[in-house]
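In what follows, a single structure is set out as structure tokens and then discussed.
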Amino acid sequence: MPVTVLLVDDEPLVRAGLRAVLEAQPDIEVVGEAADGAAVIPLVRRLRPDVVAMDVRMPLMDGIEATRAVLRTVAEPPKIIVVTTFENDEYVYEALRAGADGFLLKRARPAEIVHAVRLVAAGESLLFPASVRRLAAEYGDGDGGNRAARDTMEQARLTEREAEVLRLMTRGLSNAEIAGLLVVGTETVKSHVSAVLAKLGARDRTQAVITAYESGFVAPG
């Protein structure tokens, strides 16, 4: 079955470009388009896309509110990639906070766009560690300034190994890379990652990393 994608952007040329790139792949199908976040909920419910590629800035409902709405109201929500012109953008960070699985620059190369869609469709987070760290440093409540994140981290009671895995996750390392550093099997790392996400109540790695920064568990600077 192909990976199905919904495109949401108020610029027709951007949607056309993304459609051309994605539909050139035999394993990806664009099933719909929308010009504003306000149209996302009914389209998601009707089309059931695997991935929504959504502009972070739109006139009626931006990508932040649309992400929150999808995750709040759809029983089995799709993966969400926010698409942005500028990576150092408070809107991007707020979208990640809201539950987006990652972000993609509009100037990304076609191969990067295709890889991003395949990655999040497979259940991975589209995490750019350096970019997320910069965003957290500039726009987040680091150094334990976010009380909710701090409480979440304290209540999680991560084991020493789980804490070590979370620190490596903030560096954007894959399960295989973490396994290599810790000299354990990848299945063991998967178990640790799953435990970290469950204890933090995180939707994915991106949410776990943001909690790590905003709780002061890891310094974003």
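Given the structure is predicted, the values throughout are model-derived calculations rather than measurements.
Remark: side-chain polar atoms of Asp204 are paired, donor with acceptor, to backbone N or O of Gln207 under 3.5 angstrom. The backbone N or O of Asp50 lies less than 3.5 Å from a partner atom in the side chain of Thr4, making a donor-acceptor pair. For the pair Asn175 (side chain) and Thr186 (backbone), a donor-acceptor distance under 3.5 Å is absent. Side chain of Asp9 to main chain of Val14: no donor-acceptor pair is present (N/O by atom type, distance under 3.5 Å, no hydrogens or angles).
Within the 4.5 Å cutoff, no side-chain heavy atoms of Glu94 are placed close to those of Val56.
Nearest heavy-atom pair across Ile113 and Ala108 is CD1-O, 3.8 Å. Considering every non-hydrogen atom in both Leu43 and Ala34, the closest pair reads CD1-CB, 3.6 Å. Residues Arg45 and Thr73 share a closest heavy-atom pair of NH2-O, 3.3 Å. Scanning both residues, Ala208 and Leu200, for their nearest heavy atoms gives CB-CD1, 4.0 Å. The two residues Val51 and Ala121 come nearest to each other via the heavy atoms CG2-CB, 3.9 Å.
Taking Ala16 as the reference, nothing meets the side-chain contact (heavy atoms from CB on, under 4.5 Å) condition, with sequence neighbours excluded. With sequence neighbours left out, the side-chain hydrogen bond (donor to acceptor under 3.5 Å, both in side chains) criterion links Asp62 to no other residue. With sequence neighbours left out, Val83 forms a side-chain contact (heavy atoms from CB on, under 4.5 Å) with Ala53, Lys106. Shown here are the side-chain contact (heavy atoms from CB on, under 4.5 Å) partners of Ile210, two or more places apart in sequence or in another chain: Tyr93, Leu96, Arg97, Thr206, Glu214. For Arg161, the salt bridge (Lys or Arg N to Asp or Glu O under 4.0 Å) criterion is met by Glu164, not counting sequence neighbours.
Hydrophobic clustering, with ILVMFWY side chains joined whenever heavy atoms are under 4.5 angstrom apart, keeps Met61 apart from Met54. A continuous path of hydrophobic side-chain contacts links Val189 to Leu158 [ILVMFWY only; heavy atoms under 4.5 Å]. Using a 4.5 Å cut-off between side-chain heavy atoms of Ile, Leu, Val, Met, Phe, Trp and Tyr, with links allowed through other members, Leu60 and Tyr91 fall into different hydrophobic clusters.
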Quiz item: Is there a salt bridge (charged side-chain N to carboxylate O under 4.0 Å, His left out) between Asp101 and Arg203 once you walk through the steps?
Solution: CA-CA 8 Å; Asp101 297 276; Arg203 168 175 156 87; 2.7 Å; yes
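Each of Val40, Leu6, Val44 was compared with Pro78 under the side-chain contact (heavy atoms from CB on, under 4.5 Å) criterion, and only Val44 meets it.
For residues 20-31, every residue pair satisfying the side-chain hydrogen bond (donor to acceptor under 3.5 Å, both in side chains) rule, not counting sequence neighbours, is listed here: Arg19-Glu23, Gln25-Arg118, Asp27-Arg118.
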